[in-house]
Amino acid sequence: PVHRDPGARAASLETVVLAALSDAGHDPDRVTWDSRRVEGTRWEVEVFAGAPVAPDGSAPGPVRATWRLDLATRSLE
């Protein structure tokens, strides 16, 4: 989970997600994004990252995450 520090600068969803994926061993340059409007001002945002390969050759598997973003209220579910 991501917890916001009240004194921190605002960060984009992209910045937070790419940093987390990079920390988990995924190549940020190989991440794909998709989005679609689901109703009114609400959007569904999806990210997919292929399986990273650890130095020992193991691969924990791909990551897919989906969020609902409401532009009117600037909320994220």
Side-chain angles (χ1 to χ4, degrees):
V2 175
H3 301 281
R4 183 177 167 106
D5 177 352
R9 286 186 19 225
S12 70
L13 176 63
E14 178 185 23
T15 299
V16 172
V17 169
L18 290 179
L21 289 172
S22 180
D23 289 348
H26 293 274
D27 180 353
D29 293 329
R30 299 189 62 204
V31 172
T32 59
W33 296 82
D34 194 10
S35 63
R36 60 196 148 280
R37 183 173 287 202
V38 289
E39 59 186 50
T41 60
R42 295 171 57 96
W43 287 80
E44 190 171 87
V45 180
E46 184 175 63
V47 64
F48 177 78
V53 178
D56 67 359
S58 63
V63 172
R64 181 180 304 269
T66 304
W67 298 270
R68 290 246 172 143
L69 171 65
D70 189 324
L71 295 177
T73 61
R74 300 184 56 88
S75 62
L76 189 64
E77 300 171 3

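Because only heavy atoms are used, hydrogens play no part in the values below, and waters and symmetry mates are left out as well, while side chains stay in.
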Check: Of all residues at least two apart in sequence or in a different chain, which pass the salt bridge (charged side-chain N to carboxylate O under 4.0 Å, His left out) check with Arg42?
Finding: Glu39, Glu77
Next item on the list: Quick one: list whatever passes side chain to side chain contact (heavy atoms under 4.5 Å, CB included) with Arg37, sequence neighbours left out.
Entry: Trp43
Next item on the list: Quickly, which of Val17, Leu18, Val63 forms a side chain to side chain contact (heavy atoms under 4.5 Å, CB included) with Val31? Name it, please.
Entry: Leu18
Notebook entry, point to check: Which residues pass the side-chain hydrogen bond (donor to acceptor under 3.5 Å, both in side chains) test with Thr15, sequence neighbours left out?
Noted result: Ser12
Check: With Asp34, which residues qualify under salt bridge (charged side-chain N to carboxylate O under 4.0 Å, His left out), at least two apart?
Finding: Arg36
Notebook entry, point to check: Out of curiosity, Phe48 CZ to Leu21 CG, how far, rounded to the nearest 0.5 Å?
Noted result: 11.0 Å
Note to self: Among residues at least two apart in sequence or on other chains, which ones pass side chain to side chain contact (heavy atoms under 4.5 Å, CB included) with Ala19?
What the structure shows: none
Next item on the list: Evaluate side-chain contact (heavy atoms from CB on, under 4.5 Å) for Arg64 paired with Val47, printing each intermediate quantity in order.
Entry: CA-CA 6 Å; Arg64 181 180 304 269; Val47 64; over 6 Å; no
Next item on the list: Not counting sequence neighbours, which residues clear side chain to side chain contact (heavy atoms under 4.5 Å, CB included) with Thr66? List them please.
Entry: Glu44, Glu46
